[in-house]
Amino acid sequence: MLPRAVAERTTDRRAELLEAAVRVFAAKGFHASRVGDIANEAGVAHGLLYHYFRSKEEVLETIFRETERIEVSGVPFREQLRRFARIYLGSWLVTPELVRVLVREVARSPEVGNRVDEIRGLFKALRRIVEAARDRGEVRDDVDPAIASTAFYGALEEILTGWVLGQLPAEEEDVERAVVTVVEVTDAGLAA
C-alpha cells in the first residue's frame, strides 16, 4: 500500500509543478523563464523540480504529450479530428494560461520548435492520423498528409490566437462551435 501512496503523491506533485510552469511561462514567456521561477511559483525547493523534470524544455514537452494518445485510439478519422480539436481548443476553457504559452511562445518560435521533440511529435502524430485515414479509405488518395495536418493544426492555432487577442468570442458554446466547424471543414475537404 505504501508504494501506491508514494506514486499518487508523486503524480500530484508533478501535476502541481506543471501547473506552476504554465503560469510562469504565461507570465514571463518561455525563454525568459528559469527553472527557479517554476520552483518558486510552486513553492518548492529548486532541487525538487529537478527530481521531476530535467529542464524547462522537458516541462513543456510533458504539457504536449497528452494529445498524441489520440493517434492510437482506433476511432474513425472524423472522431480523431474531433478529439484533437476538443483537447486543443477546449484547453482554452480549462487553462487559458497554457493557451497563451502555446500561441505566444511555442507556435511562433522556431527556436523552441527545433529543441522540443514533443512539438514535432504532435505534427508527426497528426500526419500519421491523416495517412492512416487515407489507407483506410476515409481520406482521398491525392491528399498530402503533411499539408493536410498542417492546415488542420493551423486552423486551430488561428482560432486560439483570435481568443488570446480577444478578436473572437470565446465562451464555452463558442469553443464547441469552433470544434464542430473545424472538424466539419477538414473532414469534408479531405473525405474520400
Side-chain angles (χ1 to χ4, degrees), residues 1-73 83-126 153 156-172 174-176 178-179:
M1 191 78 163
L2 183 60
R4 183 177 184 182
V6 170
E8 288 174 3
R9 277 196 312 272
T10 299
T11 300
D12 290 346
R13 177 59 65 149
R14 189 173 173 88
E16 290 170 14
L17 293 171
L18 285 173
E19 290 171 13
V22 166
R23 290 190 301 272
V24 169
F25 292 163
K28 294 183 124 188
F30 180 80
H31 293 294
S33 299
R34 296 171 309 149
V35 170
D37 297 328
I38 298 168
N40 289 340
E41 177 70 22
V44 301
H46 296 195
L48 182 64
L49 189 75
Y50 286 110
H51 175 74
Y52 292 92
F53 304 101
R54 291 184 304 260
S55 66
K56 69 179 185 180
E57 288 81 10
E58 185 178 348
V59 172
L60 192 60
E61 289 171 16
T62 303
I63 292 168
F64 282 96
R65 197 168 290 134
E66 291 303 311
T67 58
E68 293 184 14
R69 295 181 186 192
I70 295 167
E71 180 185 0
V72 296
S73 65
R83 288 181 182 183
F84 188 92
R86 186 70 184 109
I87 289 170
Y88 201 76
L89 296 179
S91 66
W92 174 257
L93 297 173
V94 179
T95 56
E97 296 87 5
L98 174 59
V99 172
R100 286 182 179 90
V101 170
L102 291 170
V103 170
R104 292 183 180 153
E105 297 293 331
V106 176
R108 304 286 184 223
S109 175
E111 182 178 313
V112 173
N114 290 334
R115 290 195 326 241
V116 182
D117 288 337
E118 293 299 324
I119 298 168
R120 284 193 297 267
L122 189 96
F123 285 103
K124 289 177 183 176
L126 274 174
Y153 185 84
L156 298 175
E157 183 185 327
E158 286 304 312
I159 291 168
L160 290 177
T161 300
W163 292 339
V164 167
L165 299 177
Q167 296 172 333
L168 293 173
E171 300 300 320
E172 189 168 351
D174 302 310
V175 172
E176 193 53 39
V179 169

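- Qualifying side-chain hydrogen bond (donor to acceptor under 3.5 Å, both in side chains) partners for E176, counting only residues two or more places apart in sequence or in other chains: R86.
- Atoms CD and CD, from E16 and E41 in turn, are 12.0 Å apart once rounded to the nearest 0.5 Å.
- In this structure the side chain of L89 reaches within 4.5 angstrom of the side chain of W163, judged on heavy atoms.
- The structure places CH2 of W92 at 14.5 Å from CG of L156, a figure rounded to the nearest 0.5 Å.
- Looking at every heavy atom in both residues, A170 comes nearest to V175 through O-CG2, 4.4 Å.
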_Worked verdict on N40 versus H46 for side chain to side chain contact (heavy atoms under 4.5 Å, CB included)_ = CA-CA 8 Å; N40 289 340; H46 296 195; 3.3 Å; yes

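- A distance of 10.0 Å separates NE2 in H51 from CG in L17, rounded to the nearest 0.5 Å.
- Evaluation of the side chain to side chain contact (heavy atoms under 4.5 Å, CB included) rule for V35 yields L49, Y50, K56 as partners, not counting sequence neighbours.
- To the nearest 0.5 Å, atoms CZ (F84) and OH (Y153) are separated by 6.5 Å.
- Under the rule for a salt bridge (Lys or Arg N to Asp or Glu O under 4.0 Å), the partners of D174 that lie at least two apart in sequence or sit in another chain are R177.
- With rounding to the nearest 0.5 angstrom, the CG atom of L48 is 5.5 Å from the CZ atom of R13.
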